[in-house]
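Order of the sequence lines fixes the chain letters, A, B, ..., with proteins taken first and strands second; residue numbering starts at 1 for each chain.
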Number of protein chains: 2
Amino acid sequence: MHTAVNESGTGQERKAPGRPRNAQADEAILDAVLEMLSSGQSVAAISIEAVAAKAGVGKATIYRRWPNKEALIIDAVAAMKGALPVPVGESVRDDLIMLVKANRSGRAHRYSKATVCLLPEFIKDGDLNHMYQAVIEPRRDVMRAVLRRGIETGELRADLDVELTLLMIQGPGMMQSMLNWNPNVAEEGFVEALIDAILRGAAA
Amino acid sequence: MHTAVNESGTGQERKAPGRPRNAQADEAILDAVLEMLSSGQSVAAISIEAVAAKAGVGKATIYRRWPNKEALIIDAVAAMKGALPVPVGESVRDDLIMLVKANRSGRAHRYSKATVCLLPEFIKDGDLNHMYQAVIEPRRDVMRAVLRRGIETGELRADLDVELTLLMIQGPGMMQSMLNWNPNVAEEGFVEALIDAILRGAAA
């Protein structure tokens, strides 16, 4: 899964002013955190030492980049989510499908169970929850904008409850990717089926 | 929250053959487990000793009733869910609203965070997950039957995906009650708004 690299690794793709960076080491560190969370380890059980050992780097490499464990974990979650997706702006249906798929691809897919393992931590630790919200809120804003555009163009009902629709779009997918909550729901074509069901409605 | 009772308590409402029971003690024990889970404690961190102390009973009282911690935790989750609800059988909309509300009332509401704290355990412990599924599957069956009835009576689309609809009905509510995932969604009238949105659809 992750690539072990030593501290003098040659990857220098990213540089911060006056501080040499090792992008490969960063990746290995973030993947190590996500793997540990995905396997059901609590934040309390994860130590900088264990992350360093798993990533094949020294502790100093981690401390040069992150002030503490909480900051490292939130960065790992942000890395899991990837870059903020940009809607095409033509069809609301297509944009919603793209946005939900973006939330379920790459690292987000590989480490889908990491979020589950963070949930009890968010209940215990308000600061951590606050940092997490700061990561996900910009993503919600992108989806809100698509829904509001749909209301304006007339693709969506004028009286649509945007916040409830946001929850309806994200809740089912989160329950599935985190927990496979309903094993009878097919993964193949899931996102398209969900968005179409939300758009069309269940009533005859 | 819970009522501390001593082992010689007088509550004898429920009796198993040849074994005296103390319903008040049972309630105090189950509430103690749910309170501990709700506060973010992991299954590993919960001991029979701690449950006994919190419930105000002796360890022997717990062991007379439950063979181990896992059985006690699953019984606590079942108690949280309450009795299996029975649909009225007139309107699909009304039945769905009643079923979702039943999942969110009483102990389920008071201890909504307990499920969150069990989720990482389900990833780590397949047996525990299996026991949990056995508790929730009969509840899903009740909702499935309502959806199938709606398709037959013509209240719902003939081509409705029952399993996906089940996930759409339960996913958003679970994300809200466990995590208050989208704080912008009003709690007042939430269930009615969700079921109506699922029935009517978002498209204009």
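- Across every non-hydrogen atom of A:Ile123 and B:Cys117, the tightest pair is CD1-SG, 4.3 Å.
- For the options B:Leu160, B:Val116, B:Leu166, B:Ile136, heavy-atom pairs under 4.5 Å to chain A are most numerous at B:Val116.
- In terms of heavy atoms, B:Ile97 sits closest to B:Val191 at O-CG1, 3.7 Å.
- Within the model, atoms CD1 of B:Ile48 and CG of B:Leu72 stand 5.0 Å from one another, a figure rounded to the nearest 0.5 Å.
- Contacts between A:Leu179 and chain B at a heavy-atom distance below 4.5 Å involve the side chain alone, from C-beta outward.
- Two residues are said to be in side-chain contact when any heavy atoms from C-beta on lie closer than 4.5 Å; A:Ile151 and A:Val162 meet this criterion.
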Donor-acceptor pairs under 3.5 Å, chain B versus chain A:
from	atom 1	to	atom 2	distance (Å)
B:Gly40	O	A:Lys124	NZ	3.2
B:Lys124	NZ	A:Gly40	O	3.2
B:Arg140	NH2	A:Trp181	O	2.7
B:Glu155	O	A:Ala204	N	3.1
B:Arg157	N	A:Ala202	O	2.9
B:Arg157	NE	A:Gly201	O	2.7
B:Glu163	O	A:Asn182	ND2	3.2
B:Glu163	OE1	A:Asn182	ND2	2.9
B:Glu163	OE1	A:Asn184	ND2	3.3
B:Trp181	O	A:Arg140	NH2	2.7
B:Asn182	ND2	A:Glu163	O	3.2
B:Asn182	ND2	A:Glu163	OE1	2.9
B:Asn184	ND2	A:Glu163	OE1	3.3
B:Ile198	O	A:Ala202	N	2.8
B:Leu199	O	A:Ala202	N	3.1
B:Leu199	O	A:Ala203	N	2.9
B:Gly201	O	A:Arg157	NE	2.7
B:Ala202	N	A:Ile198	O	2.8
B:Ala202	N	A:Leu199	O	3.1
B:Ala202	O	A:Arg157	N	2.9
B:Ala203	N	A:Leu199	O	2.9
B:Ala204	N	A:Glu155	O	3.1

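- Of the listed residues (A:Ile169, A:Val185, A:Leu118), the greatest number of heavy-atom pairs within a distance under 4.5 Å of chain B belongs to A:Val185.
- If you measure heavy-atom distances from A:Leu119 to chain B, the contacts under 4.5 Å come from both the backbone and the side chain.
- Nearest heavy-atom pair, B:Ala79 versus B:Leu30, reported as atom, atom and distance to 0.1 Å: CB-CD1, 3.8 Å.
- Annotation for A:Val33 and A:Ala76: closest pair CG1-CB, 3.7 Å, computed over non-hydrogen atoms.
- Contacts with chain B were tallied for A:Gly154, A:Ala204, A:Gly171, A:Ala193; A:Ala204 has the most, counting heavy-atom pairs under 4.5 Å.
- Among the candidates B:Gly150, B:Pro172, B:Ala186, the residue making the largest number of heavy-atom pairs closer than 4.5 Å to chain A is B:Pro172.
- The two residues B:Val57 and B:Ala25 make their nearest non-hydrogen contact at CG1-CB, 4.1 Å.
- B:Met36 and B:Ala50 get closest at one heavy-atom pair: CE-CB, 3.5 Å.
- Side-chain contact between A:Leu147 and A:Leu96 is present, with heavy atoms from C-beta onward closer than 4.5 Å.
- A:Met168 touches chain B through backbone and side chain together, each having a heavy atom under 4.5 Å away.
- Here A:Leu156 is the residue among A:Leu37, A:Leu156, A:Leu194 with the most heavy-atom pairs under 4.5 Å with chain B.
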